[in-house]
Every structure is written in structure tokens, then in C-alpha cells.
Amino acid sequence: MAVLHNQRIARLLNEMSEYLEVQDVPFKPSAYARAAGIIAGMTDEVTDIYDQNGKKGLDGIPGVGKGIAEKIEEYITTGSIKELEQMKKKFPVNVSELSAVQGVGPKKIAALYKKLNIKNCADLERAVRAHKVAGLAHFGKKSEEQILKGIEFLKKGRGRMLLGTVVPLAQDIEARLRSVPGVARVTVAGSIRRRQETIGDIDIVATTAHPKRVMDAFIALPEVEHVYSSGPTKTMVRLSIGIDADLRVVKKDCYGAALQYFTGDKQHNIEVRKIAIKKGYKLSEYGLFKEKKLIAAKTEEEIYKKLGLAYIPPELRTASGEIEAARRNGLPDLIPYGSIRGDLQVQTNWTDGNASIEEMAKAAMNAGLEYIAITDHTQSLAMTGGLDEKKLARQGKEIDALNKKFKQKKFHILKSAEVNIMKDGSLDIFDAALKKLDLVCVAVHSHFALSEKEQTERIIRALKHPLVNILFHPTGRRIGRREAYALDMESTLRAAKEYGVAMEANASTDRLDLKDAHIRRAIELGVNIVVNSDAHAPGHFANLDLAIAQVRRGWGKKSDVLNTLSVDKCLAFLKRLKK
DNA sequence: GCCGTTTTCGGCCCGACTGTTTTCAGTCG
């Protein structure tokens with residue numbers, strides 16, 4: 001609940017920022033966007049701060065001053081912000097929808113509205129297809145092509161939401177349904193339970209002796225916008241955030257069968273049911289039956305067991321070899337959630353993070369971590385104020401001092417950097433400075449459009465560098481926003497193995513990069529994985545489990561992931577890899 | 001609209017890249 005509230009305030013401030021920006025208002029947009037970013041990453045509840053200390057308390061939040069504090073207060077007390085509503089009236093354009101199109105920003109949105117009365121993506125697509133856009137100032141043929149491509153991409157991702165967006169909401173709904181009197185169990189199943197990177201709808205299984213009470217509570221949730229259908233065992237609704245949710249209520253005795261039925265993906269379920277048929281059984285959401293006799297239904301474990309299979313963890317139920325492996329008892333012992341001991345990608349306010357090194361360290365400690373690596377951007381990523389050799393040295397001194405301070409707490413801060421890989425595969429920091437770091441991490445942030453051959457050669461050259469330990473977000477994709485750059489993953493992974501570089505499983509909600517399939521291949525090739533949050537704010541350490549989920553989907557064990565080790569062992573391992 | 005060991009007023013993050021231009025606006029994060 002807490003997180004959702006902050007997200008909501010952050011979204012509103014972001015909207016303020018967008019509308020101010022299209023109106024070419026100077027400086028205010030970045031002030032609003034900054035405040036939104038900070039609030040989105042906060043672990044404390046803004047409404048709690050307001051309840052306890054009023055506007056003064058809000059003023060104390062970094063990035064929030066008198067003006068924005070007033071807006072937040074207005075939102076908390078009245079549910080809307082007058083100025084935002086007025087701006088929307090004056091400029092009736094879906095700014096967030098249009099700016100989601102790659103290459104379309106505030107200036108272009110303003111021009112498109114003023115010249116062609118374009119208010120949303122549908123308008124834009126029509127205008128582009130009629131070639132009305134190319135004539136405008138600063139728009140040409142290529143702009144039209146780019147816009148069309150951007151719109152197509154958005155359409156492909158339509159209707160699916162990020163795992164990291166949906167999980168907190170689903171867990172929140174789960175908790176609220178569980179508190180309904182008479183409810184025995186509630187579990188979110190479906191693609192969320194499998195921890196798939198994007199989610200099409202929320203499937204919930206509940207057991208109770210009083211189905212109607214749960215259904216009524218479900219329909220009465222404030223998030224419910226529309227009820228498609230509702231009966232004693234199944235209710236389907238649309239939630240206001242733009243995703244459907246289904247609640248299925250079964251008797252306590254067939255809980256396992258229902259869960260099994262609603263968790264596996266389509267193909268997994270078909271395969272499992274085929275096995276049942278072969279053995280003379282029938283499998284449904286009500287149980288495993290021989291003729292009419294119930295064989296198993298209470299737990300998933302007993303159902304799989306009766307079918308001659310080991311228990312298959314939800315993340316693996318995708319019909320990609322898990323059933324054969326379960327039959328010969330060859331499933332991997334998956335890395336447990338919560339087993340990361342140190343986070344090796346953390347940004348701070350030295351560049352584009354929004355908290356100090358000390359604040360991030362404290363948040364990491366609170367999240368149960370034993371160490372973090374500070375990995376701010378380097379100089380060629382100018383928009384983030386990337387660090388050069390001098391600044392890296394200065395930052396190193398600050399880290400030394402903090403390590404002294406945290407000595408009794410046995411918490412360790414490592415010196416590192418997210419070193420930018422240049423177009424030719426070289427790094428933008430001299431080796432002499434890199435040698436002073438505890439570990440060197442590299443990443444691509446530009447020249448996304450190189451051919452597959454060029455991109456692969458470029459990255460492999462960086463991996464070959466004798467000081468490089470980890471490749472961050474190896475494919476550069478942003479789910480639903482930007483495709484991965486063209487990259488020969490097989491060659492890249494083989495190079496990582498040869499040159500002793502670990503691959504990151506990045507937990508940022510729209511990255512999840514490497515993704516499950518690549519992780520699985522990496523592990524097959526003996527490449528080590530590192531699970532990182534890519535935290536830019538104290539609240540982001542909570543994302544680590546999202547990447548652990550992807551490692552699990554990639555059949556990863558604890559021993560495949562280097563930062564499940566203690567800080568000393570992890571560093572020693574990375575050094576040994578390089579030899 | 002926010003912020004302050006250069007400032008309570010006057011700055012606002014330091015740049016690369018693309019596609020549009022014919023010297024530069026707009027986007028990216």
C-alpha cells in the first residue's frame with residue numbers, strides 16, 4: 001500500500017512536469033520531475049510524513065519546496081491538483097502517451113498539436129500515414145519512419161504491464177482479500193507467480209467456505225473500474241491501472257489442483273495433462289481423477305508426485321524442458337529469493353542517482369545487504385554528469401571514510417564505476433584510474449543502432465579489456481520502450497567466458513537484462529551471473545527479487561550467482577576469473 | 001520551482017547524436 005501511494009503522487013508530479021514542459025515553461029519541469037523521482041524511490045510514505053508534520057514535513061523531502069509541498073497537500077486533501085486540471089484543459093493532449101513514442105519529445109508534441117491538432121498516438125499515426133508530418137519544421141521523411149516504428153513498438157507491448165509494476169499491486173490485493181472473514185487462502189497465480197517479465201492479467205486463486213463474501217469484497221476494491229462477469233466461483237474485472245484481474249474461488253480440498261491449473265503456462269498445462277491421460281487419469285482445476293475417484297488435489301506437490309514428476313517450481317512451468325527434467329529428478333536447486341548478499345550496481349547523487357553514498361549504504365543495510373558497489377556513470381555520459389578520473393579519486397576518498405564509519409557494522413562499500421563503452425569498444429577512463437577500483441563494470445549507453453557485427457565486436461573488445469569484471473544490462477533493452485540493440489548473444493557469452501567477465505541480471509523494472517533465456521544459456525556455458533538492483537534511489541533495493549526471479553526462470557542455482565558470496569569471496573572470485 | 005562551504009538571487013548540471021538544416025533544434029536519460 002505504502003509504495004503505491006508514493007507512486008501515485010510521483011505519477012501526478014510527473015504529469016505536471018510533462019504539461020509544463022510542452023508549454024515550454026523553463027526549469028519547473030525538471031523540478032517536478034526530480035521531486036517525482038525522489039518520491040517514487042522513497043521507502044517512507046509521503047502521506048505519513050504529511051499526517052505527522054504537515055506541509056513542513058513535505059518541505060523536508062529533498063527536491064520538494066514550498067510550491068510542490070502545496071501541490072502534494074492539495075492532492076492528499078482534495079484528490080486532485082487544480083493547476084494540472086487547468087493545464088490539461090488548455091492543452092488537451094495525452095502527453096505521456098505521445099512522449100512514450102521514441103523520438104517524440106515535448107517540443108515535437110507542442111508542434112504536432114498546434115499545426116495538426118494531434119492529441120494522441122492514434123492522431124499521430126493517422127497524420128504520419130497521410131504524410132502530413134514530414135512538411136513541418138524539423139520533421140522529415142526519416143522522422144515519419146521513426147515515429148511509425150515507435151508507435152508499432154508501443155502497440156506490440158500494449159495490454160501487458162511490467163512485472164515490477166504489477167507485483168506490488170497484486171500482493172496488496174492478495175493481502176486485502178486474505179483479511180476477508182472466512183477466507184482460508186489467497187494466492188496470486190498465473191504469469192505473476194511464474195514471475196514472467198510482463199503481465200497480461202492478474203489471476204488470483206482463493207479458498208473459502210463463503211465464496212460470495214470474497215467476491216463482494218473483490219468487486220468492492222477501489223481499484224475495480226468495471227466488472228465483466230461475476231459468479232460464485234469466478235469474477236473478472238478491469239482495474240483502473242489498465243489491467244484485468246480474475247478471481248477464482250475453490251473449495252479448500254482442491255486448492256493445489258486449482259493453483260496448478262492457474263499457474264502453468266498453456267503449454268506446460270497441456271503437457272502435464274497429457275501425462276495424466278497416459279497414466280489413465282484426468283487432470284483439471286478440481287483435481288487429479290481416476291474415473292470419478294479423486295487421486296490428488298490438496299497440494300501441487302502430490303499432483304506432480306502422482307504423475308511421476310518432481311515438484312516443479314512455478315518459474316519453470318513454461319514447457320521448456322522442465323517436465324523431462326522433473327521426470328528424471330534432474331531439476332536444478334534454484335537460487336532462493338533474498339539470497340543476494342551484496343549489490344554491485346548502485347548509482348548515487350554523484351551522477352543520476354538521487355541519494356548520497358551514505359544514504360544508499362544505509363538503505364542497503366536495511367534491506368539486509370552486506371555490501372554494495374558504487375557504480376556511478378563515467379565522463380562520456382555527460383547528461384548524468386559522469387565522473388572523470390579526478391572525480392573518481394575524490395569519490396574513492398569519500399568511500400574510504402564511510403567504510404571506516406561502517407566498520408563495526410561489518411558493512412562494506414566497494415569502489416567501482418559504470419564505465420561507458422565507446423563506439424569502438426574502448427573505455428572512457430584511463431587504466432591507471434580503473435586499477436584503483438575494487439571492480440570495473442562496463443555498459444553501452446550510445447550507438448544503439450550499430451549492425452549486429454559491429455555491436456558484438458565493440459562489446460567483446462570491452463570484455464577483453466584486462467580490468468573489466470562485469471557487463472551491465474548486456475542488451476540495453478527497456479521493456480515496452482526500446483528494443484535491445486542488435487547483438488550476437490552466443491558470441492558475447494562465449495567471450496565473457498573466455499575473458500572472465502560476469503554478466504549482469506539487472507533488476508530495474510523495465511530492464512530485467514539479461515533476460516531469462518539468456519541467463520539460462522549463460523549458465524549452460526559456465527558464465528557467472530551477478531544480480532544487481534541498478535538502484536538510483538533507496539527504495540530500489542527491493543527490486544533485487546525481480547532479477548532473482550529471472551535467474552530462477554533461467555534455471556540458475558545459488559552457485560551461479562557471484563554476489564550470493566561474502567564480499568571477500570565475491571571479489572576474489574571476480575579476480576580469479578580474469579586470469 | 002528548487003537550491004546554497006562560490007549565491008537567500010540567480011543559476012539550473014559539464015554533451016553526443018540524429019536529422020534537420022545550411023548552422024542548429026530536439027531528444028536522450
Side-chain angles (χ1 to χ4, degrees), chain A residues 12-14 16-41 55 58-74 81 83-84 87 95 98-112 133-147 149-150 347-354 376-391 394 418 420-424 428 443-450 472-473 476-478 481-483 485 506 508 510-511 534 536-537:
Chain A
L12 232 75
L13 295 179
N14 264 326
M16 287 289 297
S17 165
E18 285 168 347
Y19 279 96
L20 289 165
E21 196 159 30
V22 288
Q23 292 176 89
D24 214 10
V25 177
F27 306 118
K28 287 190 191 186
S30 52
Y32 274 98
R34 182 161 171 263
I38 287 168
I39 286 170
K55 234 191 298 182
L58 298 179
D59 206 348
I61 299 168
V64 177
K66 203 166 149 267
I68 292 180
E70 263 170 25
K71 296 290 188 290
I72 295 174
E73 178 181 56
E74 191 188 347
I81 298 173
E83 198 190 331
L84 178 60
M87 283 194 294
V95 176
L98 284 169
S99 59
V101 180
Q102 279 283 315
V104 177
K107 298 277 157 45
K108 290 191 171 175
I109 290 172
L112 288 165
V133 172
L136 302 182
H138 304 298
F139 288 89
K141 215 179 141 197
K142 288 232 170 142
S143 316
E144 287 196 334
E145 283 168 20
Q146 188 192 22
I147 287 170
K149 230 171 131 186
Q347 267 70 237
T348 72
N349 58 12
W350 280 72
T351 55
D352 61 348
N354 68 21
D376 280 301
H377 291 285
T378 51
Q379 54 190 347
S380 57
L381 209 62
M383 65 198 142
T384 67
L387 310 187
D388 57 15
E389 286 82 357
K390 262 189 188 163
K391 275 193 185 167
R394 276 222 321 273
E418 180 173 3
N420 207 22
I421 301 176
M422 307 303 278
K423 190 181 179 186
D424 64 356
D428 70 338
V444 163
H445 295 98
S446 58
H447 301 286
F448 295 142
L450 295 182
F472 280 170
H473 45 72
R477 69 152 176 189
R478 307 290 298 273
R481 297 181 53 195
R482 184 174 76 204
E483 299 270 17
Y485 34 76
N506 186 302
S508 188
D510 67 349
R511 287 194 187 271
D534 197 356
H536 284 64

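Letters A, B, ... are given to chains in the order of the sequence lines, protein chains preceding strands, and every chain is numbered from 1.
- Nucleic acid contact class of A:Lys142 (heavy atoms, under 4.0 Å, all strands): sugar-phosphate only.
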Check: protein-nucleotides 3-9 of chain B nitrogen or oxygen pairs below 3.5 Å:
{"unit_1": "B:dC3", "atom_1": "OP1", "unit_2": "A:Gly63", "atom_2": "N", "d": "2.7"}

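- Of the C1' atoms belonging to B:dT6 and B:dG11, the separation is 12 Å, rounded to the nearest Å.
- Listed by chain and residue number, A:Tyr50 satisfy the side-chain hydrogen bond (donor to acceptor under 3.5 Å, both in side chains) test with A:Glu73 (two or more places apart in sequence, or in another chain).
- Listed by chain and number, the residues in a side-chain hydrogen bond (donor to acceptor under 3.5 Å, both in side chains) with A:Asp59 amount to none (sequence neighbours excluded).
- Scanning for side-chain hydrogen bond (donor to acceptor under 3.5 Å, both in side chains) contacts around A:Asp424 gives A:Ser426, with sequence neighbours left out.
- When the salt bridge (charged side-chain N to carboxylate O under 4.0 Å, His left out) test is applied to A:Lys71, the partners found at least two apart in sequence or on another chain are A:Glu83.
- For A:His445, the ring-ring contact (aromatic ring centres under 6.0 Å, His included) partners two or more places apart in sequence, or in a different chain, are A:His377, A:His473.
- Comparing B:dG4 with B:dC13, their C1' atoms are spaced 14 Å from each other, to the whole Å.
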Would you tabulate the side-chain donor-acceptor contacts of residues 23-39 of chain A under 3.5 Å, counting partners in other chains and residues two or more places apart, or write 'none'?
{"unit_1": "A:Gln23", "atom_1": "OE1", "unit_2": "A:Lys90", "atom_2": "NZ", "d": "3.1"}
{"unit_1": "A:Gln23", "atom_1": "NE2", "unit_2": "A:Tyr19", "atom_2": "O", "d": "2.9"}
{"unit_1": "A:Ser30", "atom_1": "OG", "unit_2": "A:Phe27", "atom_2": "O", "d": "3.0"}

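- Residues satisfying the ring-ring contact (aromatic ring centres under 6.0 Å, His included) criterion with A:Phe139, sequence neighbours excluded, are absent altogether.
- A:Asp376 pairs by the salt bridge (charged side-chain N to carboxylate O under 4.0 Å, His left out) definition with nothing, not counting sequence neighbours.
- For A:Glu144, the side-chain hydrogen bond (donor to acceptor under 3.5 Å, both in side chains) criterion is met by A:His131, not counting sequence neighbours.
- Atom name P, nucleotides B:dT8 and B:dC3: the rounded distance is 16 Å, in whole Å.
- Contact between the side-chain N/O atoms of A:Ser143 and the OP1/OP2 oxygens of B:dT20 is found at a separation under 4.0 Å.
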Pick out the pairs of N or O atoms, protein on one side and nucleotides 25-29 of chain B on the other, that lie under 3.5 Å.
{"unit_1": "B:dT27", "atom_1": "OP1", "unit_2": "A:Gly105", "atom_2": "N", "d": "2.5"}
{"unit_1": "B:dT27", "atom_1": "OP1", "unit_2": "A:Gly105", "atom_2": "O", "d": "2.9"}
{"unit_1": "B:dT27", "atom_1": "OP1", "unit_2": "A:Lys108", "atom_2": "N", "d": "3.1"}
{"unit_1": "B:dT27", "atom_1": "OP2", "unit_2": "A:Lys107", "atom_2": "N", "d": "3.2"}
{"unit_1": "B:dC28", "atom_1": "OP1", "unit_2": "A:Gly103", "atom_2": "N", "d": "2.8"}
{"unit_1": "B:dG29", "atom_1": "OP1", "unit_2": "A:Arg482", "atom_2": "NH1", "d": "2.3"}

Dot-bracket summary - DNA chain B, pairs being Watson-Crick or G-U whose distances fall under 3.5 Å, with | when paired to another strand: ((((....))))..(((((....))))).
